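I have placed the structure first, in the form of structure tokens, so that the comments after it can refer back to it.
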Amino acid sequence: MPSRTHIGSPYMQYAKLRSAAKYNLASSGIMSYPLKELPVTLEDLEICGPTLYGYAPLLERLAKRNGVTPDCVVTAAGTSMANHLAMAATLEPGEEALVEWPTYELVVTTLEYLGATVRHFERRMEDGFRVDPEEVERKMTPQTRLIVLTNLQNPTGAMIDEDTLRAVGDIARKNSARVLVDEVYLEALYEQRPRPAVHLGDHFVVTRSLTKAYGLSGLRCGWVLANPELAQRMWHINDLYGVNAAFPADLMSVIALDNLERVAARAKKLLAANRPVLDGFLRSRDDIAVVRPEFGTVAFPKLLRGSVEQLDRLLRAEYETSIVPGRYFGMAEHFRVGIGGDPEMTRAAFERLGLALDKMRADA
Ligand SMILES: Cc1ncc(COP(=O)(O)O)c(C=O)c1O
């Protein structure tokens with residue numbers, strides 16, 4: 001087990017300290033939604049209020065939106081804290097979690113921090129990064145208590161269909177295990193959003209937030225969906241961490257949820273402008289291979305010639321452009337690009353990425 005005094009997330013440090021650039025393809029979310037476009041006035045806000053085990057109007061809205069009762073909802077500071085609570089409530093130290101690979105690094109770091117043993121099952125590029133239930137079953141051991149998936153997958157954007165989730169759920173149930181599905185990117189399907197996996201049974205736990213798909217990251221409006229008993233356990237674990245949520249943020253989250261169509265309209269417009277740019281870029285290159293995601297805000301191309309570290313260095317040094325090197329997700333020959341930014345900037349960023357790849361080829 002890693003020492004708690006040395007714990008940290010190399011990916012988070014990269015994201016916070018090194019991913020900023022004039023031409024930013026490193027962000028995985030929709031660019032910030034401006035506060036002035038939300039109908040919020042000072043009279044709507046207050047410093048302190050009845051947050052306790054959740055602010056009732058927020059719990060009610062999230063319950064309705066997700067088709068559950070409020071006692072199945074635990075609000076949390078982003079999907080990050082939602083994942084932390086969900087993992088802490090479903091695993092004892094020394095128990096085993098089975099996590100998809102490639103993966104969002106924080107999933108593994110958090111599990112290790114909680115004292116879990118982490119094993120992986122692969123989602124293979126040649127298989128469209130799909131989840132293969134047989135592969136999951138092969139990797140289960142009698143100690144496995146939690147299977148962790150991201151849907152849409154970070155970093156690939158691949159979607160898991162309900163039949164596959166159900167098959168994984170059956171494997172978990174046979175083993176007295178649970179399935180945690182981080183659905184933060186599923187929110188980016190907007191009105192086509194599939195129902196949360198928690199509807200597939202009591203052994204599913206889901207985490208979501210308004211952070212990535214709407215440009216509302218600063219509100220930290222995240223939540224867990226779980227059966228009421230498990231949800232209660234999470235509230236009690238949260239007593240040790242956050243005690244109460246920031247009440248002004250809860251009030252603004254309620255207003256954001258009441259106006260989510262307008263917030264989503266802007267996000268959809270951004271993606272409608274940027275996705276063809278991504279597609280055009282991917283089509284134009286014979287030095288990368290990709291499983292093209294249909295939805296979401298990211299793609300995870302594989303570089304077929306040269307090294308991603310070299311590309312990353314070149315992009316920073318000469319093109320003011322950032323990507324996320326694939327080593328942060330466990331696949332060093334890939335890199336992640338995001339399409340949630342300003343369309344003009346995104347277009348220029350892909351042009352620059354193309355120029356950097358051309359230069360690498362010329363210099364090889
Ligand atoms: C799969 C996944 N889960 C959770 C998070 C964190 O989300 P939030 O900003 O809602 O805490 C991220 C952020 O990149 C992510 O990719």
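Just so you know, ligand 1 is whichever comes first in the structure, and atom 1 is the first atom listed for that ligand. Just so you know, residue 1 is the first one in the sequence shown, and it goes up from there. Note that the structure is predicted; figures quoted are calculated from it, not measured.
- An N or O contact shorter than 3.5 Å is missing between Ser217 and ligand 1 by distance.
- Within a 6.0 Å radius of CZ in Arg347, no more than 12 heavy atoms belonging to other residues, nucleotides or ligands are found.
- Side-chain N/O atoms of Thr41 and Asp44 include a donor and acceptor closer than 3.5 Å.
- Heavy atoms of Gln153 stay at 4.0 angstrom or farther from ligand 1.
- Distances from ligand 1 to the non-hydrogen atoms of Gly222 include no value under 4.0 Å.
- Which parts of ligand 1 touch Ser28 is read off a 4.0 Å heavy-atom cut-off, strictly below it: atoms 14 (O).
- A distance of 8.0 Å separates CZ in Arg173 from CZ in Phe204, rounded to the nearest 0.5 Å.
- A side-chain donor from one of Thr141 and Glu96 sits under 3.5 Å from a side-chain acceptor of the other.
- Counting the atoms of ligand 1 from 1 in the order shown, those under 4.0 Å from a heavy atom of Gly78 are 10 (O), 11 (O).
- Residue Ser209 has at least one heavy-atom neighbour below 4.0 Å for each of these atoms of ligand 1: 10 (O).
- One hydrophobic cluster holds both Met360 and Val324 under the rule that ILVMFWY side chains link at heavy-atom gaps under 4.5 Å.
- Going from atom CZ of Phe329 over to atom CZ of Arg327 covers 11.0 Å, rounded to the nearest 0.5 Å.
- Tyr319 does not carry Arg352 over the face of its six-membered ring by the limits of under 6.0 Å from the centre and within 45° of the normal.
- Contacts between Ser80 and ligand 1, counted as non-hydrogen atom pairs separated by less than 4.0 Å, involve both the backbone and the side chain.
- Here the protein heavy atom with the shortest distance to atom 1 (C) of ligand 1 is Asp182 OD2, 3.3 Å.
- Around NZ of Lys268, the count of heavy atoms belonging to other residues, nucleotides or ligands within 6.0 Å exceeds 12.
- Close contacts of ligand 1 with Thr150, meaning ligand atoms under 4.0 Å from a residue heavy atom, involve 1 (C).
- The proximity of Arg220 to ligand 1, defined as any non-hydrogen pair under 4.0 Å, is limited to the side chain.
- Residue, atom and distance of the protein heavy atom nearest to atom 16 (O) of ligand 1 are Asn154 ND2, 2.6 Å.
- With respect to atom 5 (C) of ligand 1, the closest heavy atom belonging to the protein is Tyr104 OH, 3.5 Å.
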